[in-house]
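The structure under discussion appears below in the form of structure tokens.
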Amino acid sequence: MDSVAKSPTRSTGRNSAGNILSVRRRSTFITYLAIGIGIFLVNGIAFSLIPEGEIRHYLAVGYLFQTGMFAFFSFARHDFLAIRLLQPSMITLIYVGLSCTAGAWAFDSKNVSNILGRQYYFMWNNLGDAYILISLCFLALYSLSLRNLGLPKDNLAFQNNIHDRRKSQIFLLLVLISCLALTINLKIGIISQIKTVIVASIFYVLFKFDVKYKWVLALLVIGILSSTSFHSKREAIFALPAMFLISLAYLPRTRISLFNLALGVVGFVFIVTLILAMSILRGYGGFGAENIFEAITFIPDYVELPNSLAFIFNNFEVTYIFLHFHQCVSSILDSPRMMADGSTYARMLLIWPVGDLLGYKPPSIIEQYTGAFFPYFRDEGGSFGVTSIGEAVWNFGWLAPLALLAVYFGLDALFAKTVHLIRERKAWSTIVALTICQFSLYFSRGSGLDIFVIYVLFSVVSAYAITLLIAIFQAGDESPPKLWKGAARPRPRHQW
């Protein structure tokens, strides 16, 4: 009787503690949001005092200031957890912000090889308004990055006790790597997506079973991508976040420390080396390198060329992103009639076969933008991306921050789901989760929301084939689980 009488009191105590914690979380969120608004106001007021003709000289400083401040306080809000770097809203903010920083400096210092791009650069007469709108979009992404996504709070040991399957795992890895190598000479439209799924499956086997030298082998896979896909640097570079995601999903409490920052510097040097070597393979500098290792030996000579800075900025796509992003924003502010009014977003609902049945499918963002400003290039099948932020502006103008809040609210929730899927150690769900991570970067770069949806649907289907292959070798879970049916655990609450 006494225990029955006391239970309401204990229940009330737990509810009270939960309410206090909820209030604290909400208060913390509001505090960091207020800091972000303050950063935006200080930045905006400072730029409002600069004459329109002089703004282009200060863009690099402005973008660096707000990107650095937003990133620092977002990480501080979450105790500097490394996994937060891979959250779509955060990685997009950093990716676009740093690209704009370097791109603005490159254009201002005349380290640009694109003559037509420089002509557009000097034609922009509303950089002040464009900068304020872009800053509002950055603030929207920052506010989303502050949310509590219900990510796991405990580290999970790698599964390293399946000794009887070691031989089958090694043989499976050889088969998957061979499959990756066989894609070198394939000339089909979806070859990049096929490589993405194969790489994700290799990462799954390496990290789930804690294969010895898994990091070395993972980097070797990226090296294969670099040497075979040097005309598309994104395949190799965007595989790196997927590699870190599967590791951090098992160890979500990993924080950004001095040691991890040192590793980050090493990783950055690796990425820089990779990009420069791939650019040399593409013909930059005219060295005639035949493989990735030979290209690396030419890097010192490459950086000493007269126009090396212009080439390097182009290699990292920072001038590309800065030019087309700002051309998109500036043109919409200058001619609001060009706005797509949400048609490129609606396009994702009209993908095959729906669009064919209705007899209508609006042009994609890359079709509309490239056709408007580079029609000859578009007629040849070429296209330019304007980043996911640029797509929002192209559709909604000054309402773009609201569109970004809606889109990235969903992407961040999907990111939290992928982390839980990876921790379930199931082959199919892990492969799909890792490909979603990579395809979200394509979206951030400017491929379009419709392309992101198509790529994800492709990975959902093709991952089944890889799962069956893994089942044959008995190196993982044989039956692909349902994507939205997780393990027996309480559903995470998304709290502010």
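Along the sequence shown, the residues carry numbers beginning at 1.
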Query - Residues Tyr58, Asp108; criterion side chain to side chain donor-acceptor pair (under 3.5 Å); working and verdict - result: CA-CA 9 Å; Tyr58 297 93; Asp108 188 45; over 6 Å; no
Report task. Return the orientation label for the Phe439 and Tyr455 ring planes: parallel under 30°, perpendicular over 60°, tilted otherwise. Result -> tilted
Requested in this report: Might you work through the side chain to side chain contact (heavy atoms under 4.5 Å, CB included) test for Phe322 and Phe313, ending with a clear yes or no?
Outcome: CA-CA 11 Å; Phe322 175 82; Phe313 283 130; over 6 Å; no
Query raised in the report: How are the rings of Phe107 and Trp124 set to each other: parallel, tilted or perpendicular (split at 30° and 60°)?
Result: tilted
Query raised in the report: In terms of ring plane angle, is the pair His324 and Tyr320 parallel, tilted or perpendicular, where the classes change at 30° and 60°?
Result: perpendicular
Query raised in the report: Short question: side chain of Trp105, backbone of Thr101 - any donor-acceptor pair under 3.5 Å?
Result: no
Query raised in the report: Side chain of Ser459, backbone of Val456: donor and acceptor closer than 3.5 Å?
Result: yes
Query raised in the report: Looking only at atom types and distance, does a side-chain atom of Arg77 sit under 3.5 Å from a main-chain N or O of Leu146, one as donor and one as acceptor?
Result: yes
Query - Ring-face cation contact, Phe384 with Arg378, 6.0 Å cut, 45° max - result: no
Query raised in the report: Does Ser440 offer a backbone N or O that forms a donor-acceptor pair with the side chain of Ser444 under 3.5 Å?
Result: yes
**Report entry** CG (Leu258) with more than 12 external heavy atoms under 6.0 Å
**Finding:** no
Requested in this report: Can you spot which of Tyr369, Phe377, Tyr376 makes a ring pair (Phe, Tyr, Trp, His ring centres under 6.0 Å) with Phe373?
Outcome: Tyr369
